[in-house]
Amino acid sequence: MTWQQRIDAALDARRAADALRVRTPVEHGAGRFLIREQRQYCNFSGNDYLGLSQHPAIIRAWQQGAEQYGVGSGGSGHVSGYTHAHQALEAHLADWLGYPRALLFISGFAANQALIAALTGKDDRILADRLSHASLLEAASLSPAQLRRFAHNDVAQLDALLDKPCEGQQLVVTEGIFSMDGDSAPLGEIHAAAQRQGSWLLVDDAHGIGVTGPEGRGSAAGQGVKPELLVVTFGKGVGISGAAVLCSDPVADYLLQFARHLIYSTSMPPAQAVALLAAFNLIRSDEGEARRQRLAGHIRQFRAGVGDLPMAITTSQSAIQPLIVGENARALQLAHTLRQQGIWVTAIRPPTVPAGTARLRLTLTAAHESADIAALLEALHVASE
Ligand SMILES: *Cc1c(COP(=O)(O)O)cnc(C)c1O
């Protein structure tokens, strides 16, 4: 096959499976409303769970950071791109989350790739929940370490895998709140299983940080668990973008030597670090708590009203509420029907989710009004008649 034939064949296969991904530019995409082609939709497809992406105080902090530092960091953190703003944010995160150190990364994807690549070698084994995010599973499969995936949240299977002989070290990988299902991992049991074997646990809490746990400290703090490696990302509940790895002093020093995404990549703009610090101060404040309570109220309202729909409802208690419909075409058609009623939702299809589990991934945010949730429920009932 030529390059051209190979690419055409891959696209044709996606089209035939109703799985071709296309992007549509929007005038405004984050927060309560999505605006596209001058039409306003109520937005149930973002990850801005607390509505912080539009918060005036955080916008102002970013502006002030840009006034002070300019718009770019000017280089890798190892050269000249590590400012007092980056250092202050790392210190704040480490202190708040109870770890000796925090290291900033440009994205959660980069953090996971860097961490797994820097830590694992060929004699090691990575044991990852089957539903772990693509950034984790891809890093694990690219790593020279062996990858074993355990059934979703199945601690007994994890235990059995951990018992198999391994020449090197074992790293257990899971998430605080799963991105496509919205359910939580039993972190206490998973950590205990890992500890029995002297293995380390990596928890990616992209969807929990800011949103759950005391002061918004996330899933691990909420469950009273302290994984050896905690990844938090800033593009969801924190409303911005970027990520951090929370770890011990020696691990942080090691990552500064061997995490290539840190060394060979421009650090985040200092102004973004200033905005992130403002976002974390807000998350820890009474206003942050009020936003979490408001989101919890929306989740209760949604779950109370969704029960009699003819679709598979999951047990998710989080801001991520998937409606699993099965076929790709059905998910696309439902999303289309809802859009006609002014409700923006995304159909999520394989390979992002397992085959046969195409779904509407609905996300709720503190930016919504209670009337928005009522309108969503009403539209879902009409669309599924
Ligand atoms: C979104 C997400 C990531 C990627 O984070 P970005 O900062 O968006 O690159 C990593 N892990 C999980 C579980 C996610 O949901």
Side-chain angles (χ1 to χ4, degrees), residues 21 23 29-30 45-50 52-53 86 89-90 93 102-117 126 128-143 149 152-153 171-185 187 190 201-213 218-220 222-223 227 229-246 259-262 265-269 272-273 275-276 279-280 283 316 318-322 346 348 351-354 359 361-365:
R21 299 160 191 255
R23 298 180 306 170
S45 67
N47 297 320
D48 182 16
Y49 306 122
L50 298 178
L52 298 186
S53 75
H86 296 94
L89 176 59
E90 287 182 343
L93 286 170
L103 290 181
L104 297 177
F105 285 80
I106 204 73
S107 72
F109 204 102
N112 285 335
Q113 297 271 307
L115 190 55
I116 288 178
I126 301 167
D129 188 290
R130 184 164 287 282
L131 295 188
S132 296
H133 190 260
S135 56
L136 294 164
L137 290 178
E138 186 183 275
S141 63
L142 290 175
S143 147
R149 301 194 291 173
H152 181 47
N153 283 345
L171 179 67
V172 178
V173 173
T174 191
E175 296 184 14
I177 295 176
F178 285 84
S179 54
M180 294 298 141
D181 292 72
D183 59 341
S184 301
L187 295 177
I190 290 176
L201 171 64
L202 185 172
V203 173
D204 176 346
D205 201 24
H207 297 273
I209 190 71
V211 186
T212 184
S219 306
Q223 296 187 40
L229 302 162
L230 174 65
V231 173
V232 294
T233 77
F234 309 147
K236 279 119 190 190
V238 185
I240 305 179
S241 81
V245 173
L246 284 295
R260 304 172 71 80
H261 297 65
L262 271 187
S265 185
T266 304
S267 62
M268 75 169 54
Q272 183 181 335
L276 283 163
F280 282 109
I283 281 168
S316 166
S318 74
I320 303 164
Q321 292 288 330
T346 325
I348 306 273
T352 305
V353 292
R359 64 196 67 188
R361 176 180 181 268
L362 305 174
T363 49
L364 309 179
T365 155

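Both counts, for ligands and for their atoms, begin at 1 and track the order of listing.
Close contacts between ligand 1 and Ser179 involve ligand atoms 15 (O) [criterion: under 4.0 Å to a heavy atom]. Heavy-atom proximity to His207, at under 4.0 Å, picks out these atoms of ligand 1: 14 (C), 15 (O). Interface of Asn112 with ligand 1, defined as ligand atoms under 4.0 Å from a residue heavy atom, comprises 10 (C), 11 (N). Of all atoms in ligand 1, listed by their number and element, those nearer than 4.0 Å to a heavy atom of Asp204 are 10 (C), 11 (N), 12 (C), 13 (C). Atoms of ligand 1 lying under 4.0 Å from any heavy atom of Phe109, numbered from 1 in the order shown and given with element: 4 (C), 5 (O), 6 (P), 9 (O). Which parts of ligand 1 touch Ser135 is read off a 4.0 Å heavy-atom cut-off, strictly below it: atoms 10 (C), 11 (N). Of all the atoms in ligand 1, the ones that sit under 4.0 Å from a non-hydrogen atom of Glu175 are 13 (C).
A donor-acceptor pair shorter than 3.5 Å can be found between the side chains of Arg21 and Thr352. Arg361 and Asn47 share a side-chain donor-acceptor pair at under 3.5 Å.
Contact annotation: for Ser107 versus ligand 1, heavy atoms closer than 4.0 Å belong to both the backbone and the side chain.
For Gln272, the side-chain hydrogen bond (donor to acceptor under 3.5 Å, both in side chains) criterion is met by Ser241, not counting sequence neighbours. Ser179 meets the side-chain hydrogen bond (donor to acceptor under 3.5 Å, both in side chains) test with no other residue; sequence neighbours excluded.
Among protein heavy atoms, atom 7 (O) of ligand 1 sits closest to Gly108 N, 2.7 Å. Among protein heavy atoms, the minimum distance from atom 2 (C) of ligand 1 is reached at Lys236 NZ, 2.4 Å.
Ring geometry for Tyr49 against His207 counts as tilted: the plane angle lies between 30° and 60°, on a 0 to 90° scale.
In plain terms, the two heavy atoms of Val232 and Phe234 that are nearest each other are CG2-CE2, 3.8 Å. Val231 approaches Ala111 most closely through the heavy-atom pair CG1-CB, 4.3 Å.
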